[in-house]
Amino acid sequence: MQRRFRLRDSRDFARMRREGRTLARGGLLLSILPNGLDHNRYGFVTGKALGKAVVRNRVRRLLREAMRQLHPQLQTGLDIVLVARQSLVGKPFSTVRRLLEDLCDQAQIRQEVKGADEG
RNA sequence: CAGGUUGGCCGGAUGGUCGCUCUCCUGCUGCGGCAGGGGGGAGGAAAGUCCGCUCUCCACAGGGCGCGGUGCUGGCUAACAGCCAGGCGGGGAAACCCGACGGCAGAGUGCCACAGAGAAGUGUAUUGCCCCGCGCGAGCGGGGUGAGGGUGAAACGGUGGUGUAAGAGACCACCGGCGCGGCCAGCGAUGGUCGCGGCCAGGCAAACCCCACCGGGAGCAAGGUCAAGCAGGCGCAUUGGGGCGGCCCGUCCCGCAAAAAGCGCCGGGUAGACUGCUAGAGCUUCCGAGUAAUCGGAAGUCGAGAUAGAUGACCGUCCUCGACAGAAAGCGGCUUAUAAGGCCGACCUGGAUA
RNA sequence: GCCGCAGUAGCUCAAUCGGCAGAGCGAUACUCUUGUAAAGUAUAGGUUAUGGGUUCAAUUCCCAUCUGCGGCU
């Protein structure tokens, strides 16, 4: 996940909390808000309630990898924030990936990809 | 061979594809970057933040009081509450392990609940022992005494004798303990030995305190440069305001009456970029000094630098099947957490054999 | 990352200079009532966060650990 695709400004996070659309499933929160740019920006929130630094790093890396694989299929011009909850700790990558796909389908931000029949 | 003590090392290995971050080279560029290739990319504890420093700012970091820390001795170190060596005390048959280990006898103050006669003062007397007086007698009154019983976590030396009405360091011998002095060994803590003394002195300083030594405060979110942005107000001449963050002295800065500037307080604005930022008390090997910690020298070597915060995903192979755990300025320690096990030493005890 | 504070009964808090850990609310049982509430009486409830140390004796003093909370850009 390159730096220009990261969501970094705390005011953007605050705007997301106020105006964003939020979906939740299985210990994962997905918030979406249009950003007016020609690309997407992503933010990952892994708070201290998840555990120690190793646990938080692990969760964030899984989320980032899952989002990286899903990125070409998504609509552009969105700010997307993923918030991890306690129940996500210890889940394998396949579970996290499937959870994220389901959330994106529920939010209807996945573009129609021909020839891709996953899930 | 069996049992035990102790020190150190290892903290999964390897290959492919797709990604992340830093850096170098080449090319392109609309100077924001992009493409290709090469290289580096978490730990022994990175952790807790318990100590010590480097560094940065507070003008310099000065004296006294206060406050805090350390506490056997010598050494090592940039420094330490760390390490090494030694002493003393305790545990163990031994190897060895543990110890905040200055001073209640250098002075003063305080506390020692309950129980007990008495908890530290030249103090006390329930039972007991002894003497005197009274009474036919059981006993009662007065006095002496502190050994025994009893209480307690702790009770004012122990044994034997002299002495006495009964006794008691009241006196004597030995022992234990304490203090002083001499000599010997040691840099020293201390140990050994000889003599003298008073008869014996309770415990607690992780109780106040005393003594010796050390410590100015804050912390990389320190600090510096640039950009963007906002709104100003109040105080500052006589023994004024402030640095000084506990106080005082001393010292320094500003002001000393036009304005400006400066300093301080309150309020408002910003949360971006660069820097600090990683070559250092560095690491490896060898040689030398030292019992050791460590130090000196030579040669070689460069091993993270993010900033919503880089190590991940998938597929294989092998093994003894993988724990605790993730850098945020950098070091030296301490403490705590740690799977399956493996490897290399040193030493003690017992047995067997030579 | 750095700095600081706290932990006692189910909850909110006490406990002098170290000397048998208490109060209010709550809980349980009983009385009162036709019944409930209120009121009254009684009872239980604690490894003082955890583990060591000093002391005759520790909630208190010291050290380490765990948990929670706050501040600094």
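In the text below, chain A, chain B and the rest are named by the order of the sequence lines, each starting its count at 1. Everything quoted here is computed from the prediction, not taken from an experiment.
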**OP:** For the residue pair A/H71 and A/F5, categorise the inter-ring angle as parallel (less than 30°), tilted (30 to 60°) or perpendicular (more than 60°).
**Re:** tilted

Original post:
How long is the line joining CZ of A/F44 and P of B/A310, in whole Å?
Top reply: 11 Å

**OP:** Flag the pair A/F93 / A/T95 as yes when at least one side-chain heavy-atom distance between them is below 4.5 Å, and no otherwise.
**Re:** no

**OP:** Determine the Euclidean distance between corresponding P atoms of B/A325 and C/U65; express it in Å to zero decimal places.
**Re:** 15 Å

Original post:
A/F13 on top of B/A308's base, within under 5.5 Å and under 30°?
Top reply: yes

Subject >> Anti versus syn assignment for B/G44, with syn defined as within 90° of 0 >> reply: syn

**OP:** Please figure out whether A/P92 or A/K52 has its closest RNA chain B nucleotide nearer the 5' end.
**Re:** A/P92

Subject >> Out of B/A313, B/G326, B/U21, whichever nucleotide has its closest atom nearest the side chain of A/R6 >> reply: B/U21

Original post:
Just wondering, do A/N40 and A/D79 contact through their side chains at under 4.5 Å, heavy atoms?
Top reply: no

**OP:** Mind telling me if C/G10 is syn or anti? Syn here is a glycosidic angle within 90° of 0.
**Re:** anti

Subject >> Pairing nucleotide - B/G191, Watson-Crick or G-U, each distance under 3.5 Å >> reply: B/C184

Original post:
Considering Watson-Crick and G-U wobble pairs with both distances under 3.5 Å, what does B/G272 pair with?
Top reply: B/C226

Original post:
Paired with B/A212: which nucleotide, if any, by Watson-Crick or G-U wobble criteria at under 3.5 Å for both distances?
Top reply: B/U70

Subject >> Among B/G312, B/U21, B/A42, the one nearest A/E65 by side-chain distance >> reply: B/G312

Original post:
With side chains defined as the heavy atoms from C-beta onward, is the minimum distance between A/K91 and A/V96 less than 4.5 Å?
Top reply: yes

**OP:** Look at A/R98 together with A/E101 and state whether they make a salt bridge at an N to O cut-off of under 4.0 Å.
**Re:** no

Original post:
A/R68 side chain N/O closer than 4.0 Å to the phosphate oxygens (OP1, OP2) of B/C20?
Top reply: no

Original post:
B/A313 C1' sits how many Å from A/N57 CG, rounded?
Top reply: 16 Å

**OP:** Could you work out the separation of B/G232 and B/G268 based on their P atoms and round it to a whole Å?
**Re:** 14 Å

Original post:
When you check the glycosidic angle of B/G303, does it come out syn, meaning within 90° of 0, or anti?
Top reply: syn

Original post:
Applying the side chain to side chain contact (heavy atoms under 4.5 Å, CB included) test to A/E65, which of A/R68, A/R61, A/M67 qualifies?
Top reply: A/R68

**OP:** For B/A155 and B/G202, measure between their P atoms and round to the nearest Å.
**Re:** 13 Å

Subject >> Comparing A/G43 and A/Q69 on RNA chain B - which has the more 5′ nearest nucleotide >> reply: A/G43

**OP:** Check whether any side-chain N or O of A/R58 sits under 4.0 Å from OP1 or OP2 of B/G326, and answer yes or no.
**Re:** no

**OP:** Would you indicate what A/R56 reaches in the nucleic acid, counting non-hydrogen atoms under 4.0 angstrom: base, sugar-phosphate, or nothing?
**Re:** nothing

**OP:** To the nearest Å, give me how far apart CZ (A/R60) and P (B/G326) are.
**Re:** 13 Å

Original post:
Considering only heavy atoms from C-beta outward, does the side chain of A/V45 approach that of A/L82 to under 4.5 Å?
Top reply: no

Original post:
What's the base orientation of B/G169: syn (chi within 90° of 0) or anti?
Top reply: syn

Subject >> Options B/G312, B/C314, B/A325, nucleotide nearest the side-chain atoms of A/V54 >> reply: B/A325

Original post:
Going by a 90° cut-off around 0, is B/A61 syn or anti?
Top reply: anti

**OP:** Can you tell me, in whole Å, how much space there is between the P of B/G240 and that of B/G250?
**Re:** 14 Å

Original post:
Out of B/A327, B/A310, B/A313, which has the shortest distance to the side chain of A/R64?
Top reply: B/A310

Original post:
Can you check the A/R61 CZ to B/C314 P distance for me, whole Å?
Top reply: 14 Å

Original post:
Which base, if any, makes a Watson-Crick or G-U wobble pair with B/G296, both distances under 3.5 Å?
Top reply: B/C287

